[in-house]
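Heads up: the structure comes next, in structure tokens.
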Amino acid sequence: MLTTSIKTLLTEAWRKLGLEPVSFSVDPSERPEYGDFSSNIAMAGAKIARSSPRDLAARIIGNLPQDAFAKVEIAGPGFINLHLKREMIHSCLKEILQDEGKLTAEKIGRGTKLQVEFVSSNPTGPLTVGHGRQAVLGDVLSSLYEQLGYDVTREYYFNDEGRQVDLLAQSLWARYRQLCGEDVTIPEQGYQGDYLIEIAQQVKDDIADAYPVFDEAAKGFFRVRGVSVIKEMIKDDLAQLGVKFDNWFSEADLHRRGEVDAALKALTERGGTYKQDGAIWLRAEDNGGIKDSVLIRSDGRPTYLMVDIAYHMDKYRRGFNHVIDVQGADHHVEQSCMQAALKILGYPQDFLRYAVHQFVSIVEGGETLRMSTRAGRFVLLRDLTSELGRDVVRYFMVARKPETHLQFDLDLARAESLDNPVYYIQYAHTRIASIFRKAEEIDDPSEVDLSPLQSPSELDLIKQLDSFPEILEEAALRFAPHLLAEYALNLARAFHAYYADHRVLGEETDLMQARLALLSAVQMVFKNSLEILGMSTPEMM
RNA sequence: GCGCCCGUAGCUCAGUGGACAGAGCAACGGCCUUCUAAGCCGUCGGCCGGAGGUUCGAAUCCUCCCGGGCGUACCA
């Protein structure tokens, strides 16, 4: 990578000054007259060197190898602007072509076992667009970490026990009795969505008129029935979006194996709990949490937090080195309690990290729809996916910074579907594919003489390709997949501009082969980018 | 009240210490005998919510204020 090698040269030049190390940056220059890359090393190190930035810059430059750069200048307050030799850029492209590995990130993960848990919606209803954002975020994040060499497990946690599932059972039973001609109302806190009518109809087809009252037997039956049907619904919704999980984890299993009791015992043994008002509390506040929370209610039932702690102990036992939980911004308190619990248990501090995201609101007809699964007010993920297609939904969901609210304007998504970023990027890939279909003779790109590539836009394209691995690493480590979405868009922009005023086919052989080699590298990067984003790479449009 | 997140062009958003703040959409004007015009080029448009502070340098870090979202359950 160019920035890496430049950084190495500058670090070496700095070391020759005999001063303590300094942290500095090397960035692509903002303007052509600033060269290819700029560094702030002289300004950053001015204090250490007790010298003015510009003087210091001159001394650093004096220590650089004579022939490393085409031109090195001091500019503005003390920037060092580096003009690369063309051969350096060409050899960078050569490396990319020779070793596809140059297009992927450094394998800093080295097989570290990482679990990414996401969506984990209760099996009480179909997924909404809100879950959709999390699904795409978690999936792309997982792919990014895979690129970094991590051994990633995508996991979905089903809360298939407890109060919410009981409410689902009762709501489903009520729908069922309604179909049997009875005037039964859905419980206040229950699930009002129409999807339960459909399931109730299936139930009625199977068992005719039964369960006149909602007793234990009815609860058991409708719970099992409802949960299993809805689990499949959820899996279908995710499959349609192209999200695949390695593991579906059931809360019921935790209870069955006694892990919840064991977790409570472990916390208590370490002095992490206390009794008050008939309940058992987690000593969260003393351990960095926002506030103490109930683990066991006064009626003896465990809270969600208690079970979740048991679940995370289970993750640890399964040997994951790191766990990332993708969650909505509304779980803030609980997140701090979970971290407090893990601290009490003595887990490594970096075992669990939360990738937090804000919500999606759907804007239609200038109106914002406020969603609530329980009230039955929501836009279903599957409706969105069916209408707009997997590629569009995925791109829109991941193109925004996770911590900002995502306004999904349905009208805009529909109306703009023709010049939307998705097609813009895919079209770039298509254009390249088309050239390769028509090209008659293509030399092995890694053997081609690249020196005919001389135009600024060609050299810029190469520099953009070169930064791909850095983007992957930053997008993963910062939980910021939108950086990749944006990168792909920028690369497409650069390519389309290039395409508009550079011919490939029909040019003199050396130039044509060099350009074909460049395009094959660009195509590879589009392919990798879109694949990580979970989008298709059409050959024709 | 307290905690977390957000406030950048008419709209949707990039930009987490660097040189005159960027893109898409919208508006306006150019470009198709040539590898797919689902494209390219140009114009218009911003005291980066406000006020202080730290720094050689702040949209970016700190403090306070204003505005919006979320949370503050023996719900999940």
Side-chain angles (χ1 to χ4, degrees), chain A residues 24-25 27 29-31 34 38-40 43-44 46-47 52-53 75-79 81 120-122 124 159 162-165 167 189 276-281 290-291 293-308 328-336 356-359 361 363 373-374 396 399-409 412 415-428 430-439 478 480 482-483 485-486 489-490 492-493 495-507 512 515-516 519 540-541:
Chain A
F24 64 98
S25 64
D27 300 298
S29 301
E30 282 178 19
R31 300 154 187 282
Y34 296 160
S38 305
S39 177
N40 67 349
M43 294 180 288
K47 199 161 264 174
S52 83
F79 287 101
N81 290 335
S120 296
S121 159
N122 292 342
T124 53
N159 296 117
R163 201 173 99 90
Q164 295 310 315
V165 175
L167 280 167
Q189 299 287 305
Q276 192 183 300
D277 305 329
I280 300 176
W281 295 68
I290 291 170
K291 52 184 282 194
S293 301
V294 171
L295 294 172
I296 306 293
R297 299 175 179 93
S298 44
D299 66 4
R301 287 154 53 232
T303 59
Y304 174 85
L305 174 64
M306 180 66 250
V307 183
D308 208 23
D330 53 340
H331 290 63
H332 175 236
V333 173
E334 135 117 39
Q335 287 164 5
S336 83
V356 177
H357 67 92
Q358 287 290 346
F359 303 109
S361 46
V363 182
T373 308
R374 289 175 205 177
F396 273 65
R400 301 274 111 99
K401 204 168 37 175
E403 60 268 33
T404 58
H405 295 263
L406 173 59
Q407 295 225 16
F408 204 116
D409 190 327
L412 209 68
E416 288 185 353
S417 61
L418 277 190
D419 49 5
N420 123 6
V422 176
Y423 302 127
Y424 185 83
I425 297 167
Q426 290 178 332
Y427 186 48
T430 302
R431 279 179 145 178
I432 296 173
S434 171
I435 290 177
F436 279 107
R437 268 198 305 278
K438 297 200 169 163
R478 273 178 53 194
H482 70 285
L483 295 176
E486 192 163 320
L489 187 59
N490 284 331
R493 243 192 292 277
F495 167 75
H496 284 305
Y498 174 71
Y499 181 93
D501 51 23
H502 292 73
R503 291 282 309 171
V504 177
L505 302 181
E507 292 288 342
M512 178 176 79
R515 287 184 173 168
L516 284 171
L519 290 194
M540 275 186 262
M541 285 174 78

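Every value quoted in this text rests on a predicted model; they were computed, and no experiment measured them.
For A:N40 against B:G18, a side-chain-to-base donor-acceptor contact under 3.5 Å is present. Side-chain atoms of A:T303 stay outside donor-acceptor range of the base of B:C74, with no qualifying N/O pair under 3.5 Å. Scanning atom types as modelled, one donor and one acceptor separated by under 3.5 angstrom connect the side chain of A:N81 and the base of B:A19. Under 3.5 Å, the side chain of A:R31 and the base of B:C20 form at least one donor-acceptor pair of N or O atoms.
Residues satisfying the side-chain hydrogen bond (donor to acceptor under 3.5 Å, both in side chains) criterion with A:T303, sequence neighbours excluded, are absent altogether. Legend: residues meeting side-chain hydrogen bond (donor to acceptor under 3.5 Å, both in side chains) with A:Q335, ordered by chain and number and at least two apart, are A:Q327. Residues satisfying the ring pair (Phe, Tyr, Trp, His ring centres under 6.0 Å) test with A:F495, not counting sequence neighbours, are A:Y499. Legend: residues meeting ring pair (Phe, Tyr, Trp, His ring centres under 6.0 Å) with A:F24, ordered by chain and number and at least two apart, are absent. Remark: A:S25 pairs with A:D27, A:N40 by the side-chain hydrogen bond (donor to acceptor under 3.5 Å, both in side chains) rule, at least two apart or across chains. Taking A:D330 as the reference, nothing meets the side-chain hydrogen bond (donor to acceptor under 3.5 Å, both in side chains) condition, with sequence neighbours excluded. In this view, A:Q276 and A:Y274, A:W281 satisfy the side chain to side chain contact (heavy atoms under 4.5 Å, CB included) rule, not counting sequence neighbours.
Rounded to a whole Å, the CG atom of A:L305 is 14 Å from the P atom of B:A73. In this structure, CE of A:M43 is placed 12 Å from P of B:G57, rounded to the nearest angstrom. In this structure, A:E507 places its CD atom 13 Å from P of B:C35, rounding to the nearest Å. Rounding to whole angstrom units, CD of residue A:E334 and C1' of B:C70 are separated by 15 Å.
Counting any heavy atom pair closer than 4.0 Å across all strands shown, A:H357 reaches no nucleic acid atom. Nucleic acid contact class of A:Y499 (heavy atoms, under 4.0 Å, all strands): base. A:A428 comes within contact range of no nucleotide atom at all, as no heavy-atom separation falls under 4.0 Å. Contacts of A:Q426 with the nucleic acid, taken as non-hydrogen atoms under 4.0 Å apart, are absent.
A residue-by-residue look at A:A44 and A:D330 shows that A:A44 has its nearest nucleotide of RNA chain B further toward the 5' end. Projected onto RNA chain B by closest heavy-atom contact, A:K47 and A:V504 fall at different nucleotides, the more 5' of which corresponds to A:V504.
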N/O to N/O distances under 3.5 Å, protein versus nucleotides 40-45 of chain B:
{"from": "B:C40", "atom 1": "OP1", "to": "A:Y424", "atom 2": "OH", "distance (Å)": "2.4"}

Check: protein-nucleotides 8-16 of chain B nitrogen or oxygen pairs below 3.5 Å:
{"from": "B:U12", "atom 1": "O2'", "to": "A:R400", "atom 2": "NH1", "distance (Å)": "2.9"}
{"from": "B:C13", "atom 1": "OP1", "to": "A:H405", "atom 2": "O", "distance (Å)": "3.3"}
{"from": "B:C13", "atom 1": "OP1", "to": "A:Q407", "atom 2": "N", "distance (Å)": "3.4"}
{"from": "B:C13", "atom 1": "O2'", "to": "A:R400", "atom 2": "NE", "distance (Å)": "3.3"}
{"from": "B:A14", "atom 1": "OP1", "to": "A:K401", "atom 2": "N", "distance (Å)": "2.8"}
{"from": "B:A14", "atom 1": "O2'", "to": "A:E486", "atom 2": "OE1", "distance (Å)": "2.4"}
{"from": "B:A14", "atom 1": "O2'", "to": "A:E486", "atom 2": "OE2", "distance (Å)": "2.1"}
{"from": "B:G15", "atom 1": "OP1", "to": "A:H482", "atom 2": "NE2", "distance (Å)": "2.9"}
{"from": "B:U16", "atom 1": "O4", "to": "A:R478", "atom 2": "NE", "distance (Å)": "2.5"}
{"from": "B:U16", "atom 1": "O4", "to": "A:R478", "atom 2": "NH2", "distance (Å)": "3.1"}

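If you take NE2 on A:H331 and CG on A:L305, they are separated by 11.0 Å, rounding to the nearest 0.5 Å. A distance of 9.0 Å separates CD1 of A:I280 from CE of A:M306, quoted to the nearest 0.5 Å. To the nearest 0.5 angstrom, A:Q189 atom CD is 6.0 Å from A:R163 atom CZ.
Here the separation of B:G30 from B:A21, taken at their C1' atoms, is 28 Å to the nearest Å. Only the C1' atoms considered, B:C56 is 31 Å distant from B:A9, to the nearest whole Å. For B:G1 and B:A23, the P atoms lie 41 Å apart once the distance is rounded to whole Å. The same atom, C1', is picked in B:C47 and in B:A58; the two are 15 Å apart, to the nearest Å. Taking atom P in both B:U72 and B:C13, the straight-line distance is 25 Å, to the nearest Å. Annotation: B:A14 and B:G57 have their C1' atoms spaced 22 Å apart (nearest Å). Between B:A38 and B:G24, the distance separating the two C1' atoms is 15 Å to the nearest Å. Between the C1' atoms of B:U8 and B:G68, the separation comes to 16 Å (whole Å).
Each of B:A76, B:A19, B:U34 was ranked by its minimum atom distance to the side chain of A:S38; first place goes to B:A19. In the set B:G3, B:A38, B:G71, the nucleotide with an atom closest to the side chain of A:H332 is B:G3. For A:K291, the listed nucleotide lying nearest its side chain is B:U72; candidates were B:C35, B:C5, B:U72. Here B:G3 is the nucleotide among B:G3, B:A76, B:C35 with the atom lying nearest to any side-chain atom of A:I290. Distances from the side chain of A:V294 to the nucleotides B:A19, B:C35, B:C74 place B:C74 closest. For A:F79, the listed nucleotide lying nearest its side chain is B:G18; candidates were B:C4, B:G18, B:A76.
Considering only heavy atoms from C-beta on, A:I435 stays 4.5 Å or farther from A:R515 through its side chain.
Taking the 5.5 Å centre cut-off and the 30° plane limit, the aromatic side chain of A:Y34 is classed as stacked on B:A19.
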Please list, one pair per line, the donor and acceptor atoms closer than 3.5 Å that link side chains of residues 400-407 of chain A to other protein atoms, with sequence neighbours excluded.
{"from": "A:T404", "atom 1": "OG1", "to": "A:K401", "atom 2": "O", "distance (Å)": "3.0"}
{"from": "A:H405", "atom 1": "NE2", "to": "A:Q358", "atom 2": "OE1", "distance (Å)": "3.4"}

Name the atoms and distances for all side-chain donor-acceptor pairs under 3.5 Å in residues 295-302 of chain A, with sequence neighbours left out.
{"from": "A:R297", "atom 1": "NH1", "to": "A:P302", "atom 2": "O", "distance (Å)": "2.8"}
{"from": "A:D299", "atom 1": "OD1", "to": "A:R301", "atom 2": "N", "distance (Å)": "3.0"}
{"from": "A:D299", "atom 1": "OD2", "to": "A:R301", "atom 2": "NH1", "distance (Å)": "2.7"}

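Shown here, B:C6 is classed anti by the O4'-C1'-N9-C4 or O4'-C1'-N1-C2 angle, which is more than 90° from 0.
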- Query: In dot-bracket, 5' to 3', how would RNA chain B read with Watson-Crick or G-U wobble pairs under 3.5 Å, [ ] for crossing ones and | for pairs to another strand?
  - Reply: (((((((..((((....[...)))).(((((.......))))).....(((((..]....))))))))))))....
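Scanning both residues, A:I290 and A:V333, for their nearest heavy atoms gives CD1-CA, 4.1 Å.
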